[in-house]
Amino acid sequence: MAGRPRAQPAVPPLPHGRTDRPRIVGAPRRAMTRVRFAPSPTGRLHVGNARAAILNWLFAHQTGGSFLLRLDDTDRARSTVEFAQGIEADLAWLGLTHDAFARQSDRFPIYAAAAERLKAAGRLYPAYETPEELDRRRARQRARGLPPIYDRAALKLTGDERARLEAEGRTPHWRFKLNGAPVRWTDLIRGPVEIDTATLSDPVLIREDGAFLYTLPSVVDDADLAISHVIRGEDHVVNTAAQIEIFQALGAAVPEFAHYPMILDVDGGPLSKRLGSLGLADLAGQDIDPMALNSLMAKIGTSDPVEPRRTLAELAAEFAFSKIGHAPARLDPEDLRRLTVKLLHMKPYDEVAAAVPGGEAFWLAIRDNLESLDDAAGWWRAVSEPLEPLAADPAVLAAAAALLPSGDLGEAAWGPWTKAVSAATGKKGRELFLPLRLALTGRDHGPEMKKLLPFIGRERALARLGGQRA
RNA sequence: GGGGCCUUCGUCUAUCGGUUAGGACGGCAGCCUCUCACGUUGCAAAGACGGGUUCGAUUCCCGUAGGCCCCGCCA
């Protein structure tokens, strides 16, 4: 924490907010953990966003802190209320509740005030190049093998030149003047990081049309809303250097940072190309269990085995930055399917009661065999409604009918009964059991017969063994 | 072109310079008196390449190759 470069003098604190972490009165001097998930409502959530949301949520809950949902809707042209609602629905599907909510479009005056303070401090300067000029300039730099960094030509403009440009009708955009010195922080995942802001362009904070770009609102909100930890993907690592300078220029406390590696697609390529098919709404439509996604996103790329967890609380208890590796990890959508099936096999009856006929005992008898919840109803029909038995071996079926124990058929009935049938017919193994299964259930696969038989019942079993529809 | 990060079984990873390189997922095989599933036991499966340092390198250093990220008036 100490010893961070503060080459620029700090300007006075934000008039409306705090510049330090809140302290609980009477509590030890320990800042409360406060994290945020900050999607832009320009689309629905996909697995990439979900990872950010989940990791932040888990850390907040593990540390007893709070989780803020912040809609970064500074891009008013692309942001919609429908997407904002969709994102909330996506989070609700995952079970990621938030403790606080903010919307950047509600906070423009705050950003304007911060911008004014940066201007007063000489850190925010007007530039008049058009996007096309900048594009051309970058292309030229690249062609000459130079890094496409803004050359700060606007900084050299005289007052007269500026006046002339404005007279021509040009409106400036505003850039933050970087220190051009190394920025260092200790990343909770990556360890010590050093980025030399001399290798970066001065970031544009305000567009020509007056709109705030992501960078300034993000920093102002993180400071103003007392975010203690910024947990995000490594695509933000370089931004972080510039953002730290902005925190410092605003005299705000710099939060802790944790940048986790990107997720790759199953072939090791960028996931972004496949994000279209990995939207949360799509996954929900494919009956993926939200805890399958939560479990995968919490465990992928970590030293923990990728196993399903039934609750977010378990995942939170197991969360640790130190378990997260530094290399990008591949996402196999098939894992989501596998985890969903495993979760299904773990489901207690009360969670599926509405979708599963037959009661708890029946559920426990069949759940380990299911690929999907929908199959449960089919098995209930197979034991409780008339079906056409399949007769494969009349001798076996006749012996089975003759030897069927009297009275109620419990789970214990199957073993002795089939042994007796085996003794009577000389059949064993597949030749014995497959005809019985076909006759009793009309199918050649399914849950264990000893568990199914009690639900079929003596009377119906007898009829089916006799080849009758029952 | 520049900067950052990375490279161990198919996949995710463990390894404080000395290990039969461990685990998990997936795969395969056996067992669980039938199938599928569950469970269980077992098997196969890895240090990108080239140098250097060292008694000894997967581990430290350099280089090469490959991958990911960033270099936007997007977020």
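Side chains included, hydrogens not; waters and symmetry mates left out as well; all remaining heavy atoms used. We name chains A, B, ... by the order of the sequence lines, and we start the count at 1 in each one. Here the structure is a predicted model, which is why all the values come from computation and not from measurement.
- Residue order along RNA chain B, read from the 5' end via each residue's closest nucleotide, puts A/Ser322 first among A/Ser322 and A/Leu434.
- For the P atoms, the distance from B/U7 to B/C12 is 11 Å, rounded to whole Å.
- Using a 3.5 Å distance cut-off with no hydrogens or angles, the side chains of A/Asn239 and A/Tyr214 do not pair a donor with an acceptor.
- Classification of the A/Phe59-A/Phe321 ring pair by plane angle, with boundaries at 30° and 60°, yields tilted.
- Under the Watson-Crick or G-U wobble criterion, with both distances below 3.5 Å, B/A48 is paired with B/U64.
- Of the candidates B/C38, B/U33, B/A75, the closest approach to any side-chain atom of A/Asp72 belongs to B/A75.
- Looking at A/Glu245 and A/Arg123, a side-chain N of the basic residue comes within less than 4.0 Å of a carboxylate O on the acidic one, giving a salt bridge.
- For the pair A/Phe257 CZ and B/C5 C1', the interatomic distance rounds to 17 Å; values are reported in whole Å.
- Residue A/Thr302 is classed as a sugar-phosphate contact, given heavy-atom separations below 4.0 Å to backbone atoms only.
- The same atom, C1', is picked in B/C9 and in B/C43; the two are 14 Å apart, to the nearest Å.
- Contact check on A/Arg70 versus A/Asp72 returns a salt bridge, with a Lys/Arg side-chain nitrogen under 4.0 Å from an Asp/Glu carboxylate oxygen.
- Taking atom P on both B/U59 and B/G52, the two are 14 Å apart, rounded to the nearest angstrom.
- Base engagement by A/Gly415 is indicated by at least one non-hydrogen atom pair under 4.0 Å involving a base atom.
- Note on A/Gly325: nothing from the nucleic acid sits closer than 4.0 angstrom, heavy atoms only.
- For B/G56 and B/C69, the C1' atoms lie 37 Å apart once the distance is rounded to whole Å.
- Across the protein-nucleic acid pair, A/Lys323 atom NZ and B/A24 atom C1' stand 13 Å apart, rounded to whole Å.
- Taking atom P on both B/U41 and B/C25, the two are 11 Å apart, rounded to the nearest angstrom.
- Comment: A/Arg164 does not engage A/Glu166 in a salt bridge, judged by the lack of any side-chain N to carboxylate O separation of less than 4.0 angstrom.
- Across the strands present, B/U11 finds its partner in B/A24; the criterion is a Watson-Crick or G-U wobble pair with both atom distances under 3.5 angstrom.
- For A/Thr80 (side chain) and A/Phe83 (main-chain N/O), a donor-acceptor pair under 3.5 Å exists by modelled atom type.
- On the P atoms, B/C38 is 40 Å away from B/C60, given to the nearest whole Å.
- In this structure, A/Arg330 reaches the sugar-phosphate backbone alone: every heavy-atom distance under 4.0 Å involves primed, P, OP1 or OP2 atoms, never a base.
- The residue A/Arg338 sits close only to the backbone: its heavy atoms come under 4.0 Å of sugar-phosphate atoms, none of a base.
- Using a 4.0 Å cut-off between a side-chain N of Lys or Arg and a carboxylate O of Asp or Glu, A/Lys156 and A/Glu161 do not qualify as a salt bridge.
- We find that CZ of A/Arg437 is positioned 11 Å from P of B/C34, with the value rounded to whole Å.
- Summarising the geometry, the separation between NZ on A/Lys347 and P on B/A37 is reported as 21 Å, rounded to the nearest angstrom.
- Rounded to whole Å, atom P of B/G39 lies 12 Å from atom CG of A/Asn369.
- Using Watson-Crick or G-U wobble geometry with both donor-acceptor distances under 3.5 Å, B/C32 finds no partner in any strand shown.
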Quiz item: What does nucleotides 57-74 of chain B look like as a protein-contact string, B for base, S for sugar-phosphate only, - for none, at under 4.0 angstrom between heavy atoms?
Solution: ----------SBSSBSBS

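- Remark: the separation of the P atoms in B/U13 and B/C55 is 35 Å, to the nearest Å.
- For A/His326 and B/C6, the shortest distance from a side-chain N or O to OP1 or OP2 is below 4.0 Å.
- For A/Arg190, counting side-chain heavy atoms from C-beta on, the closest listed nucleotide (B/C12, B/G4, B/C34) is B/G4.
- The side chain of A/Lys342 has B/C25 as its nearest neighbour among B/C38, B/C25, B/A75.
- Screening residues 204-220 of chain A for salt bridge (charged side-chain N to carboxylate O under 4.0 Å, His left out), with sequence neighbours left out, gives A/Arg207-A/Asp209.
- Here B/G17 sits opposite no nucleotide as a Watson-Crick or G-U wobble pair (both hydrogen-bonding atom distances under 3.5 Å).
- Side chains of A/Glu307 and A/Ser295: a donor-acceptor N/O pair is absent below 3.5 angstrom, by distance only.
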